[in-house]
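Working notes, structure below.
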Amino acid sequence: MARIGILALQGDVAEHAEVLHALGAEPVEVRTPAELAGVEGLILPGGESPAQSRLLQRAGLLEPIRRRALAGMPVLGTCAGLILLAREVTEGPVESLELLDVAVARNAYGRQRESFEADVWVEPLGPPPLRVAFIRAPIITRVGPGVEVLATFEGLPVLVRQGPWLAASFHPEITQEVRLHRFFLSLAEASGEGL
Ligand code: GLN
């Protein structure tokens with residue numbers, strides 16, 4: 001059973017844990033470097049990225065997560081988690097992990113459409129499209145050459161991958177979808193890091 005960490009400082013931790021349970025993985029709440037050491041992959045949940053980044057620093061987790069991720073640990077970031085992973089963040093006092101070679105603009109999906117559900121076609125998952133929620137979501141404004149775009153929505157990238165790191169501007173965990181997490185678990189299984 002894969003032990004998958006969920007950063008549990010702030011945000012929608014329980015929803016990710018439920019999906020992992022449903023897929024037969026073991027969710028582990030991560031609040032300390034010692035807890036991080038025991039997991040094979042890490043989910044950075046949605047929430048409020050400025051708060052999360054402050055708490056990450058306070059918990060002494062910023063550098064340990066960076067180190068593990070650079071050593072090949074699979075990471076899935078959703079919404080605020082994408083912001084934490086990004087190298088460049090506009091609109092916000094967010095010190096990110098500066099891993100994923102993308103730029104993101106926080107809260108960029110606009111006022112009238114701050115939150116909405118949508119069907120997103122994800123190439124590696126095949127049909128049907130993934131039903132997901134955008135909640136005051138960031139827009140990915142730049143994608144580096146080593147970053148693969150796995151899904152777009154209205155012409156903009158919304159799901160990207162750089163090696164073992166996967167990040168989405170949407171929430172896949174609150175619409176009864178398990179397929180993106182299953183894909184993430186397959187990345188975690190394929191990577192020998194941390195085992
Ligand atoms: N707007 C939030 C931020 O900038 C992200 C929202 C979310 O995670 N649903 O951190």
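Remember, it's 1-based here, ligands and their atoms both numbered in the order they're listed.
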_CD (E15) with more than 12 external heavy atoms under 6.0 Å_ = yes
_Would V143 and E148 count as a side chain to side chain contact (heavy atoms under 4.5 Å, CB included) here? Give the steps._
CA-CA 8 Å; V143 175; E148 211 182 327; over 6 Å; no
*Test salt bridge (Lys or Arg N to Asp or Glu O under 4.0 Å) applied to E48 and R136, step by step*: CA-CA 10 Å; E48 276 305 315; R136 290 181 307 106; 2.6 Å; yes
*Check R106 against ligand 1 and report side chain, backbone, both or neither, counting heavy atoms closer than 4.0 Å.*
side chain
*So E177 and R131, salt bridge (Lys or Arg N to Asp or Glu O under 4.0 Å) or not? Walk me through it.*
CA-CA 7 Å; E177 281 285 3; R131 184 73 181 168; over 6 Å; no
*Please confirm whether F153 and F134 have ring centers closer than 6.0 angstrom.*
yes
*Report the part of T78 (side chain from C-beta onward, or backbone N, CA, C, O) that has a heavy atom under 4.0 Å from ligand 1; answer both or neither where that applies.*
neither
*Going by distance alone, is a donor N or O of one side chain under 3.5 Å from an acceptor N or O of the other, for R106 and T90?*
no
_H171 contact mode with ligand 1 (heavy-atom cut-off under 4.0 Å)_ = side chain
*By number and element, which atoms of ligand 1 are closer than 4.0 Å to a non-hydrogen atom of G46?*
8 (O)
*By number and element, which atoms of ligand 1 are closer than 4.0 Å to a non-hydrogen atom of S49?*
3 (C), 4 (O), 10 (O)
_Closest approach of any protein heavy atom to atom 7 (C) of ligand 1, naming residue and atom_ = C79 SG, 2.8 Å
*If you take all heavy atoms of S49 and L84, which pair is closest and at what distance?*
O-CD2, 4.1 Å
*Subset of ligand 1 atoms that lie under 4.0 Å from at least one heavy atom of E48*: 2 (C), 10 (O)
*Report, in ascending order of atom number, the atoms of ligand 1 lying under 4.0 Å from any heavy atom of I83.*
3 (C), 4 (O), 10 (O)
*Between N107 and ligand 1, find which residue part has any heavy-atom pair under 4.0 Å and reply side chain, backbone, both or neither.*
side chain
*For atom 2 (C) of ligand 1, which protein heavy atom lies nearest, and how many Å away is it?*
G47 O, 3.5 Å
